[in-house]
Amino acid sequence: MMHTTVGWHVELEFQEDEQHTRAAALVRLPDGTEVRGHGHATRHRTDSNQPRVGEEIAGARALNELAMQLLTKAHDEIDTASGHRSHPINV
């Protein structure tokens, strides 16, 4: 039995100010497709300034959006290959 190893590289970039963190996630798939997701976090004015926490929240939200787009892409590809509507892919 032959096994194929495939690697995906995900990039995350952050933009921050005193109260907001924005994250952008990007994955380039072996077929040349790029999928992007975005996330946002807002620090409440009474919370201490912890940029790492904002990055974790915004990054997780961007990766979650990316994951949902990948599930939709896979579902569409299954439907195209089979010629009919398939069962939803659950997370």
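A quick note: this is a predicted structure, and the numbers were derived from the prediction, not measured. Along the sequence shown, residues are numbered consecutively beginning with 1.
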- Note on the structure: Residues passing the side-chain contact (heavy atoms from CB on, under 4.5 Å) test with E56, sequence neighbours excluded, are R52
- Just grab all the salt bridge (Lys or Arg N to Asp or Glu O under 4.0 Å) pairs involving residues 9-26, residues at least two apart or on different chains. E11-R28
- Task: State, with a plain yes or no, whether a side-chain heavy atom of E55 is found less than 4.5 Å away from one of Q50.
- Result: no
- Message: Atom CD of residue position E77 - does it have more than 12 heavy atoms of other residues, nucleotides or ligands inside 6.0 Å?
- Response: yes
- Message: Grouping I, L, V, M, F, W and Y whenever their side-chain heavy atoms are under 4.5 Å apart, do V27 and L71 come out in a common cluster?
- Response: no
- Query: Which is it for E34 and L26 under the side-chain contact (heavy atoms from CB on, under 4.5 Å) test, yes or no, and what are the steps along the way?
  - Reply: CA-CA 7 Å; E34 290 185 353; L26 167 70; 3.8 Å; yes
- Item | Minimal non-hydrogen separation, D47 against R43, with atom names | O-NH1, 2.6 Å
For residues 59-69, tabulate all N or O donor-acceptor pairs below 3.5 Å that involve a side-chain atom, not counting sequence neighbours.
| residue | atom | partner | partner atom | Å |
| --- | --- | --- | --- | --- |
| R61 | NH1 | H40 | O | 2.7 |
| E65 | OE2 | Q69 | NE2 | 3.1 |
| Q69 | NE2 | R36 | O | 2.8 |

- What heavy-atom pair brings D31 and K73 nearest, and what distance separates the two atoms? OD2-NZ, 3.4 Å
- With a 4.5 Å limit on heavy-atom distance, are the side chains of W8 and L70 in contact? yes
- Item | Whether T33 side chain and L29 backbone form a donor-acceptor pair below 3.5 Å | no
- For A41 and G54, the nearest pair of non-hydrogen atoms, with its separation, is CB-O, 3.7 Å
